[in-house]
Amino acid sequence: MSAVLNFKSHLAHLFAEALRVVAPETQATILIERPKQASHGDYACNLAMQLAKPLRQSPRNIAQALIAALPASDVIEKVEIAGAGFINVFITTAAKQAVVKTVLHAEAEYGRGNIGAGRKVQVEFVSANPTGPLHIGHGRGAAVGDCLCNVLAASGWDVTREFYYNDAGAQIDNLRSSVQLRCQGITPDDPSWPENGYRGDYIADVARSYMAQETVEADDQHITGKGDVHDKEAIRHFAVAYLRREQDQDLRAFRVGFDVFSLESALYSEGKVAATVEKLIASGHTYEQDDALWLRTTDFGDDKDRVMRKTDGGFTYFVPDVAYHLDKWQRGFTRVINEQGADHHSTITRVRAGLQALNVGIPQGWPDYVLHQMVTVLRNGQEVKISKRAGSYVTLRDLIDEVGCDATRYFLAARSPDSQLVFDIDLATSKSNENPVYYIQYAHARIQTVLKQCEGLVFGDANVGLLDSEEEKTLLQQLIDYSEVVETAAHDLAPHLIAFYLKDLAADFHRYYNATRFLVDDEVVKLARLSLCAATAQVIRNGLGLLGVNAPDTM
RNA sequence: GUGCCCGUAGCUCAACUGGAUAGAGCACUGCCCUUCUAAGGCAGGGGUUACAGGUUCGAUUCCUGUCGGGCACACCA
């Protein structure tokens, strides 16, 4: 099992050696890439073209010299010069065939790496205010964040998943008053209903439950409705607990879990906000003006200074945010990634500025952010406007019920967070076979059906040397690529790459399936082909696992 | 007006972070099931990569500008 499978880094080493011989004085980055066309080999290196200028020679001549200096390797079939000076490397089929046994031996471990080396990383995601059910935007955050965590964990990071509740401040007060009005029998169509009050029906549910003195369980607390219309504090407590429970249930249905829940209110009650303010004042980056306390965020790249303490004595929201992130740092997270909607992007500069002002050794540019763009929802060809206050929006729960957890997760995680996402509910439901997630799951189910017909196979005996058809070689290479895809997804914080990879892998398998019969009379051939099938199924399972999507045995 | 993200086939999206002839799915046309799941495969048409410059051996990718879409620009969170 000592076979070389990471051809890319293997070749990079060989070319580095060749570079040392050909141009010992010259610095160049060794880049090994996968050509688009099979005729260009399995891997290509553009080193010769990079060296043309410094060496003042033609790229093709340099390529000759590099090839001559390339150390021998038994995984290389042949090396060619092509085009302007590309060096194309062909890998022996035997070296690729080894992947089958590697996968079957490693099973769920296949594709895992150790770039993270056990270092701690904390990923904060979803972090919805407990003022209503989770909507599709939170769903995108949940899907992307969870998959990102999985990918980081698969790369050797020690991941902590965290959810931050903004359970203090104006929005919560607004929630409380909306519930209180409902308790008093006042509805949103009443003229006295405040303009920015929450209008959704769920507010009435909270009120009913409170008045009925029901008990809700959220996190580790049990809160019972007091039934007193005038007890603002009791209503606030109950409403927050009620909605947290709803969110917890939605997240559980979405198969997303968290290690830590942090409460904004706790930052106040534990004195962390006050302590942060004191540190900021001591740092000398604050000043009083117009009866308010300001932080000179312009010292750290902001375009204007920001108010910390308002004239009314309350803090602006970014103060507890800075306190929260200081807390993360003090908990030992030298790496923190915040997955949020793009509408939060203006906070990045302020939070980072506040942390720099504290001058406690936090590096510039800490923490990292992954911002996902907005999700547009189409229903009946019409855009559904998301407005919590108006009460009209698509909840995550609706999507899970209508579209299914697997398809919803796939849809929301399968695109670059940088681009806006159109979620067409009709497409995802009525024509579910158009959904790519079924295409991938179908490949897995097909394999399982075939394997089920042959009990007691011992793949260790398989002669993988027989796997040399075009379809088989393509599939082998695809299986080899998996580890690299996981590594790239973790490095670039781009979990959607897993989804694209799986679609390609499934396509390669379906093509193989249509071109090849597995259950043939020749037992040796059969065993070899089934071993490749089994390895493919394993990689599909591993990849879908990272996306949090099931790999069913039958469909 | 300022900052950030985006603009690729009719639609939804790729393109290994600067590589070779820009690829998939959906839709459209025609084939392939008495054989392991046709939720599949094969073949075909469809492109001035929004536009204009620039950087270099080479640009969908990087830089500048223009146009278009989204988000954010409070002593709201």
Side-chain angles (χ1 to χ4, degrees), chain A residues 8 31-37 39-40 44 46 49-50 52-53 58-59 82-86 88 129 131 166 168-174 196 264 289-294 303-304 306-318 320-321 341-349 371-374 376 411 414-422 424 427 431-443 445-454 481 484-485 488 492 494 496-497 500-501 503-504 506-507 509-520 526 529-530 533 554-555:
Chain A
K8 217 171 207 178
L31 188 66
I32 307 292
E33 53 198 1
R34 298 283 321 280
K36 287 172 188 163
Q37 286 183 68
S39 63
H40 293 148
N46 64 0
M49 287 177 286
Q50 287 184 60
K53 204 170 205 176
S58 83
F86 290 100
N88 294 335
N129 290 352
T131 52
N166 286 105
Q171 299 294 358
I172 295 299
D173 206 48
N174 191 7
N196 61 353
E264 182 186 8
Q289 187 183 312
D290 304 331
D291 288 329
L293 180 67
W294 295 71
D303 53 2
K304 58 180 174 183
R306 305 291 168 176
V307 170
M308 289 172 58
R309 195 184 57 234
K310 298 178 282 183
T311 315
D312 68 8
F315 293 111
T316 55
Y317 80 99
F318 92 92
D321 235 16
D343 52 343
H344 290 88
H345 76 80
S346 63
T347 74
I348 295 176
T349 312
L371 298 182
H372 63 259
Q373 297 292 315
M374 299 292 100
T376 313
F411 252 77
R415 289 202 170 86
S416 164
D418 280 341
S419 47
Q420 289 160 231
L421 177 62
V422 177
D424 187 332
L427 185 83
K431 301 180 186 174
S432 59
N433 58 329
E434 288 174 12
N435 192 318
V437 72
Y438 293 112
Y439 183 79
I440 297 164
Q441 290 179 320
Y442 185 47
R446 273 182 148 179
I447 295 171
Q448 296 306 317
T449 304
V450 176
L451 292 178
K452 204 187 286 180
Q453 298 180 40
C454 312
D481 287 344
E484 193 186 304
V485 170
T488 305
D492 295 354
H496 65 287
L497 295 177
F500 286 115
Y501 168 82
K503 218 159 58 164
D504 289 344
F509 177 75
H510 286 307
R511 212 167 293 129
Y512 181 42
Y513 182 96
N514 275 275
T516 316
R517 186 159 174 76
F518 307 133
L519 301 176
V520 292
K526 182 168 91 177
R529 290 177 181 169
L530 291 180
C533 289
T554 57
M555 289 182 75

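Quick note: numbers below take in every heavy atom, side chains included, and nothing from hydrogens, waters or symmetry partners. In what follows, chains carry the letters A, B, and so on, assigned in the order in which the sequence lines appear, proteins first and then strands, with residues in each chain numbered from 1.
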- Item | Within-4.5 Å side-chain heavy-atom neighbours: Arg446(A) and His510(A) | yes
- Message: Please classify the nucleic acid contact of Ala445(A) as base, sugar-phosphate, or nothing, using heavy-atom distances under 4.0 Å.
- Response: base
- Between atom NE2 in His372(A) and atom P in C6(B), what is the gap in whole Å? 15 Å
- Message: Any side-chain N or O of Tyr317(A) below 4.0 angstrom from OP1/OP2 of C75(B)?
- Response: no
- Query: Mind checking whether Pro417(A) and Gln373(A) have side chains closer than 4.5 Å, heavy atoms only?
  - Reply: no
- Quote, to the nearest angstrom, the C1' distance that separates C6(B) from U21(B). 28 Å
- If we take the P atom in both C4(B) and U66(B), what is their distance in whole Å? 14 Å
- Query: Rounding to the closest angstrom, what is the interatomic distance between U60(B) and C51(B) at atom P?
  - Reply: 11 Å
- To the nearest angstrom, the NE2-C1' distance between His345(A) and C4(B) comes to 5 Å
- Message: Let me confirm one number: the CG-CD distance from Asn129(A) to Gln171(A), rounded to the nearest 0.5 Å.
- Response: 6.0 Å
- Please examine the side chains of Lys526(A) and Cys454(A), heavy atoms only from C-beta on, and report whether any two atoms are closer than 4.5 Å. yes
- Item | Partner nucleotide of A72(B) by Watson-Crick or wobble geometry (both distances under 3.5 Å) | U2(B)
- Query: With under 30° as parallel and over 60° as perpendicular, where do the rings of Phe518(A) and Tyr513(A) fit, or are they tilted in between?
  - Reply: perpendicular
- Write down the distance separating the C1' atoms in A9(B) and G45(B), rounded off to the nearest Å. 11 Å
- Side chain of Phe518(A) (C-beta onward), nearest among C36(B), U37(B), A77(B): C36(B)
- Item | Atom pair distance, as rounded to whole Å: CZ in Arg517(A) and C1' in U34(B) | 12 Å
- Who is the Watson-Crick or G-U wobble partner of G30(B), with both distances under 3.5 Å? C42(B)
- Which residues satisfy the side-chain hydrogen bond (donor to acceptor under 3.5 Å, both in side chains) test with Tyr317(A), sequence neighbours excluded? Arg350(A)
- If each of Ser346(A) and Asn166(A) is mapped to the nucleotide of RNA chain B with the nearest heavy atom, which maps nearer the 5' terminus, i.e. the 5' end? Ser346(A)
- Phe509(A) CZ - A38(B) P separation (whole Å): 11 Å
- Message: Can you build the contact string for nucleotides 12-20 of chain B? Use B for base contact, S for sugar-phosphate-only contact, and - for no protein heavy atom under 4.0 Å.
- Response: SSSSBB-BB
- Item | Leu497(A) side chain reached by Thr488(A) side chain, heavy atoms, under 4.5 Å | yes
- Message: Can you check the distance between G19(B) and U61(B), where both ends of the measurement are the C1' atom (answer in whole Å)?
- Response: 11 Å
- Given that both distances must come in under 3.5 Å, which nucleotide forms a Watson-Crick or G-U wobble pair with C51(B)? G65(B)
- Task: Rounded to the nearest angstrom, tell me the gap between atom CG in Leu371(A) and atom P in C5(B).
- Result: 10 Å
- Query: Which nucleotide, in any strand shown, forms a Watson-Crick or G-U wobble pair with U8(B), with both distances under 3.5 Å?
  - Reply: none
- Query: Nearest to the side chain of Leu519(A), which nucleotide is it out of C36(B), U37(B), U56(B)?
  - Reply: C36(B)
- Heavy atoms, side chains only, cut-off 4.5 Å: are Phe86(A) and His40(A) in contact? no
- Query: How long is the line joining CD1 of Ile440(A) and C1' of A24(B), in whole Å?
  - Reply: 12 Å
- Query: Taking only residues two or more places apart in sequence or in another chain, which ones pass side-chain contact (heavy atoms from CB on, under 4.5 Å) with Thr316(A)?
  - Reply: Val307(A), Lys310(A), Phe318(A), Val319(A)
- Minimum side-chain heavy-atom gap Gln448(A)-Thr554(A) below 4.5 Å: no
- Round to the nearest Å and state the distance from Asn196(A) atom CG to A74(B) atom P. 18 Å
- Query: When all nucleic acid strands are considered with a 4.0 Å heavy-atom cut-off, which category describes Phe318(A): base, sugar-phosphate, or nothing?
  - Reply: nothing
- With P as the reference atom in both, quote the distance from C16(B) to U56(B) in angstrom, rounded to an integer. 23 Å
- Item | Where the chi angle of U37(B) falls, syn if within 90° of 0 and anti if not | anti
- Query: Contact class for Thr449(A) (heavy atom, under 4.0 Å): base, sugar-phosphate, or nothing?
  - Reply: base
- Separation of A74(B) atom P from Trp294(A) atom CH2, nearest Å, is 11 Å
- Task: Spell out yes or no: do the side chain of Thr311(A) and the base of C75(B) have one donor N/O and one acceptor N/O closer than 3.5 Å?
- Result: yes
- Task: Searching all strands shown, indicate the nucleotide that pairs with C16(B) (Watson-Crick or G-U wobble; both distances under 3.5 Å).
- Result: none
- Task: Check every atom of A39(B), C73(B), G70(B) against the side chain of Met374(A) and return the nucleotide holding the closest atom.
- Result: G70(B)
- Query: On RNA chain B, nearest-nucleotide positions of Lys304(A) versus Thr554(A): which is more 5'?
  - Reply: Thr554(A)
- Message: My understanding is that only residues two or more places apart in sequence, or in another chain, count here; which of them pass side-chain contact (heavy atoms from CB on, under 4.5 Å) with Leu31(A)?
- Response: Glu33(A), Asn46(A)
- Task: For Asp290(A), check side-chain hydrogen bond (donor to acceptor under 3.5 Å, both in side chains) against everything at least two apart and list the hits.
- Result: none
- Answer whether the closest heavy-atom distance between the side chains of Met374(A) and Leu421(A) falls below 4.5 Å. no
- Message: Using OP1 and OP2 only, check whether a side-chain N or O of Gln441(A) sits under 4.0 Å from U37(B).
- Response: no
- Query: Given the P atoms of G41(B) and G47(B), what is the spacing between them in whole Å?
  - Reply: 24 Å
- Can you tell me, in whole Å, how much space there is between the C1' of G3(B) and that of A22(B)? 32 Å
- For A59(B), which nucleotide in any strand shown is its Watson-Crick or wobble partner with both distances under 3.5 Å? none
- Readout for nucleotides 41-51 of chain B: B = base within 4.0 Å of protein heavy atom, S = sugar-phosphate only, - = neither; 5' to 3' it is SS---------
- Report which part of the nucleic acid Lys452(A) touches: base, sugar-phosphate, or nothing (heavy-atom distance under 4.0 Å, all strands). nothing
- Select base, sugar-phosphate, or nothing to describe what Ala292(A) touches, counting heavy atoms under 4.0 Å on all strands. base
- Query: With a non-hydrogen cut-off below 4.0 angstrom, is Thr516(A) in contact with a base, only sugar-phosphate, or nothing?
  - Reply: base
- Query: Which part of the nucleic acid, if any, lies within contact of Asp481(A), taking any heavy atom under 4.0 Å across all strands shown: a base, the sugar-phosphate backbone alone, or nothing?
  - Reply: nothing
- Message: Could you check C57(B) for me: syn (within 90° of 0) or anti?
- Response: anti
